[in-house]
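Naming: A, B, ... by sequence-line order, numbering from 1 per chain.
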Amino acid sequence: MNSVRGLLLITVLLFSFSCGQKEANNASEKLSGDIRIDGSSTVYPITEAIAEEFRVKQPSINVTIGVSGTGGGFKKFCRGESDINDASRLIKESEVGACQEGGIKYVGLKVAYDGLAVLVNKENTWVDHFTVEELKKIWEPAAQGKITKWNQIRSTWPNTEFTLYGPGVASGTYDYFTEAIVGKSGSSRGDFTASEDDNVLVKGIAGDKNAIGFFGMAYYEENMEILKLAPVDNGKGAVSPSQETVMNGSYAPLSRPVFIYVSEEALKKPEVSEFVRFYLSNARSIATDVGYVALPEQESKSEIAKFEAFAKGQ
Amino acid sequence: MSKLKTNRLIDSAFKYVGIACTLFGLAMLGIFIGDILIKGLMRIDWDFITSLPSRKASKAGILTAWTGTAWILGLTSIIAIPLGISAGIYLEEYGKKSRLASLIEVNIANLAGIPSIIYGLLGLEIFVRVLNFGGSLIAGALTLSLLILPIIIVGTREAIKAVPTSLREASYGLGATKWQTIWHQVLPAASGGILTGIILALSRAIGETAPLIVIGALAYVPFVAHSPFDEFTVLPMQIFNWVSRPQHEFLVNGAAAIIILLLITFVMNGIALYLRNKWQKKIKW
């Protein structure tokens with residue numbers, strides 16, 4: 001019968017205890033090596049894998065990774081709240097301004113490539129490839145409500161309606177696709193099924209005979225047996241995304257680089273520069289391991305050189 | 001058909017509609033749990049519970065996620081339960097029944113209906129930035145405390161309301177003060193209802209992700225938190241991270257983590273049910 005009262009007393013006591021611990025903790029925080037990373041969920045698998053391997057080498061350095069998205073991550077980065085930002089696109093004008101305001105100097109480093117795959121349903125017999133112009137015709141804002149049937153894309157295709165699937169408008173993947181295809185980042189028709197979770201798009205396209213959609217090629221590679229890949233023709237012939245075509249640049253314009261941004265302030269901590277060096281020198285093997293495309297060797301070397309020049313310049 | 005017959009028909013029809021509705025809910029739950037168990041049960045072993053996150057699905061574990069959830073639950077209870085019960089007692093036993101009181105009452109009910117992400121934004125500004133807690137466990141727990149306080153307060157008030165006035169009057173009649181009456185009679189009698197409110201509130205807190213993402217819960221944390229000021233991740237974050245990965249093995253990991261999360265919720269509800277029954281039996285007026 002005393003239980004509620006007991007509960008009340010215990011919790012009050014515990015509360016005062018937990019408040020008292022604050023002082024002790026602030027003191028020890030500076031001693032331990034912490035690296036705070038935030039940003040894109042697209043780059044996350046690469047950074048996670050690097051952090052995992054880095055931990056084997058440096059077990060006392062705590063690397064934490066958040067997934068606030070490229071934009072959300074830059075907000076924190078420019079306030080000095082994170083050391084490194086994962087970015088699936090280049091930093092935007094407005095973010096450059098925010099970083100200047102926050103007094104944050106930084107360097108952006110390419111760590112891998114990602115190919116965006118264009119997919120249709122397995123039962124789709126008519127699509128052999130899309131040209132970039134056809135994709136633009138489908139996705140540009142003016143197409144909304146007007147371009148709705150397959151034969152409007154190419155006259156030999158059937159007179160039935162298609163449905164569109166794509167990543168959510170807040171994602172870097174969407175930004176990149178619209179930039180590359182429509183010509184303006186973030187500008188597209190609005191009448192498509194959007195999901196932040198690419199596995200939902202996979203299910204949608206696999207279950208809809210008239211579907212057209214796009215997402216990162218890692219999701220296609222895991223679902224090859226239920227989806228049909230549509231090669232993209234940029235005027236030099238139809239090309240399918242693969243390790244090779246993305247790396248040698250022939251799968252254009254739908255292959256994109258992904259980045260990490262490192263702040264100059266953070267590089268003053270030896271553990272951060274150690275981590276970035278480790279990242280750049282292992283990025284090629286790790287990227288392939290988690291389903292992305294490695295930088296060509298030459299480019300990887302030039303990114304390392306770029307970082308070393310920046311690190312020396314502080 | 002006579003009127004009596006029609007009424008009887010309606011009566012039994014309603015019974016079957018009711019049964020159908022109940023079965024529908026249960027069937028949905030059954031299908032969901034069955035699906036998750038089939039996908040994830042084989043993946044759960046000791047290593048899964050004691051391993052750090054990893055890029056290799058077969059090596060990845062949920063150690064930091066479930067310990068983060070445990071920390072958050074513990075801290076949230078410590079903060080929200082005393083505050084909530086105390087506020088409930090004040091509002092029900094001491095507060096004057098004025099216009100202000102009814103305004104407060106309406107607004108507490110309103111607070112219970114505010115989307116959780118709004119609490120996340122509030123927590124980000126107050127706890128993370130102004131109080132400078134950063135994206136720490138304490139900031140998360142304080143935010144979730146705000147979120148569940150209204151539920152605890154309403155639960156406490158309802159439970160206290162249900163205590164018969166005769167009990168209070170008898171206590172006063174024997175010369176007890178107001179506080180003695182509350183402490184020795186009202187609270188023990190209301191404990192079952194209060195506990196139900198607390199468990200409902202904590203069960204809500206355990207599944208919340210949105211406010212924690214806003215205040216900065218992380219996806220990859222390779223160490224178990226040692227203090228309330230450490231950064232953290234929680235099970236729902238880990239689950240979301242896994243189910244949105246391309247590799248199927250990660251989806252299996254997600255299902256396995258869902259089973260663990262469900263298990264924690266079931267165990268909590270079980271404990272509450274047990275305690276409530278045990279205490280209820282002891283009360284004899």
Side-chain angles (χ1 to χ4, degrees), chain A residues 1-5 7-15 17-19 21-22 24-26 28-29 34 36-38 41 44-53 55 59 62-68 76 79 81 196-200 202 215-223 286 289-291, chain B residues 52-56 59-60 74-75 77-83 85-86 128-129 133-136 138 141 183-184 187-192 194-195 198 213-214 216-223 226-233 237 240-241 243-248 251 275 278-279 282-283:
Chain A
M1 206 182 299
N2 286 323
S3 326
V4 161
R5 283 173 291 172
L7 207 64
L8 203 64
L9 282 178
I10 289 170
T11 48
V12 167
L13 281 175
L14 280 173
F15 183 55
F17 171 72
S18 64
C19 282
Q21 283 206 326
K22 191 185 173 187
N25 243 290
N26 281 350
S28 66
E29 211 175 78
D34 288 345
R36 283 171 306 165
I37 307 175
D38 208 324
S41 57
Y44 173 82
I46 308 174
T47 307
E48 181 198 49
I50 297 273
E52 188 190 350
E53 292 303 315
R55 196 173 169 77
N62 285 329
V63 183
T64 57
I65 314 167
V67 281
S68 306
K76 290 189 181 169
R79 282 166 161 264
E81 290 172 2
E196 298 298 338
D197 180 354
D198 290 345
N199 285 319
V200 173
V202 169
F215 42 72
M217 60 184 265
Y219 289 87
Y220 166 68
E221 280 165 1
E222 290 293 324
N223 296 286
I286 293 279
D289 214 18
V290 293
Chain B
L52 296 173
S54 164
R55 72 175 181 285
K56 296 193 182 75
K59 272 172 64 189
L75 285 174
S77 320
I78 288 167
I79 298 160
I81 294 173
L83 278 179
I85 296 183
S86 309
V128 176
R129 300 221 165 117
F133 287 151
S136 63
I138 190 80
W183 192 246
H184 294 287
L187 273 188
S191 59
I194 294 176
L195 205 70
I198 291 171
I213 291 180
V214 175
L218 300 163
Y220 177 81
V221 182
F223 53 90
H226 297 295
S227 91
F229 294 89
D230 282 346
E231 292 175 302
F232 68 101
T233 186
M237 288 279 299
F240 182 72
N241 182 293
V243 299
S244 58
R245 296 283 274 261
Q247 293 82 7
H248 287 296
L251 300 186
L275 288 179
K278 202 175 145 195
W279 294 354
K282 278 191 190 166
I283 296 162

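In this structure, Arg55(A) CZ and Phe223(B) CZ are separated by 8.0 Å, a value rounded to the nearest 0.5 Å. Between atom CD1 of residue Ile50(A) and atom OH of residue Tyr220(B) there is a gap of 11.0 Å, rounded to the nearest 0.5 Å.
Contacts between Glu231(B) and chain A at a heavy-atom distance below 4.5 Å involve the side chain alone, from C-beta outward. No part of Ile46(A) comes within reach of chain B, as not one of its non-hydrogen atoms sits under 4.5 angstrom from that chain. With a threshold of 4.5 angstrom between heavy atoms, Tyr44(A) approaches chain B through side-chain atoms but not through N, CA, C or O.
For the pair Val63(A) and Pro222(B), the tightest heavy-atom approach, listed with the atom from each and the gap, is O-CD, 2.9 Å. When all heavy atoms are compared, the tightest approach of Lys76(A) to Gly216(B) is NZ-CA, 3.8 Å. The nearest pair of heavy atoms linking Arg55(B) to Ala49(A) is CD-CB, 3.1 Å. Shown here for Ala218(A) and Pro246(B), the closest heavy-atom pair between the two residues is O-CB, 3.7 Å.
With sequence neighbours left out, Asp197(A) forms a salt bridge (Lys or Arg N to Asp or Glu O under 4.0 Å) with no residue at all. The salt bridge (Lys or Arg N to Asp or Glu O under 4.0 Å) check on Arg79(A) picks up Glu81(A), with sequence neighbours excluded.
Among Ser68(A), Gly291(A), Ala51(A), the residue making the largest number of heavy-atom pairs under 4.5 Å with chain B is Ala51(A). Residue with the most contacts toward chain B among Glu221(A), Glu52(A), Glu53(A): Glu52(A) (heavy-atom pairs, distance under 4.5 Å).
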Requested in this report: Verify salt bridge (charged side-chain N to carboxylate O under 4.0 Å, His left out) between Glu222(A) and Arg245(B), making sure each step is shown before the conclusion.
Outcome: CA-CA 10 Å; Glu222(A) 290 293 324; Arg245(B) 296 283 274 261; over 6 Å; no

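Checked by atom type and distance alone, the side chain of Asn199(A) pairs as donor or acceptor with a backbone atom of Val243(B) at under 3.5 Å.
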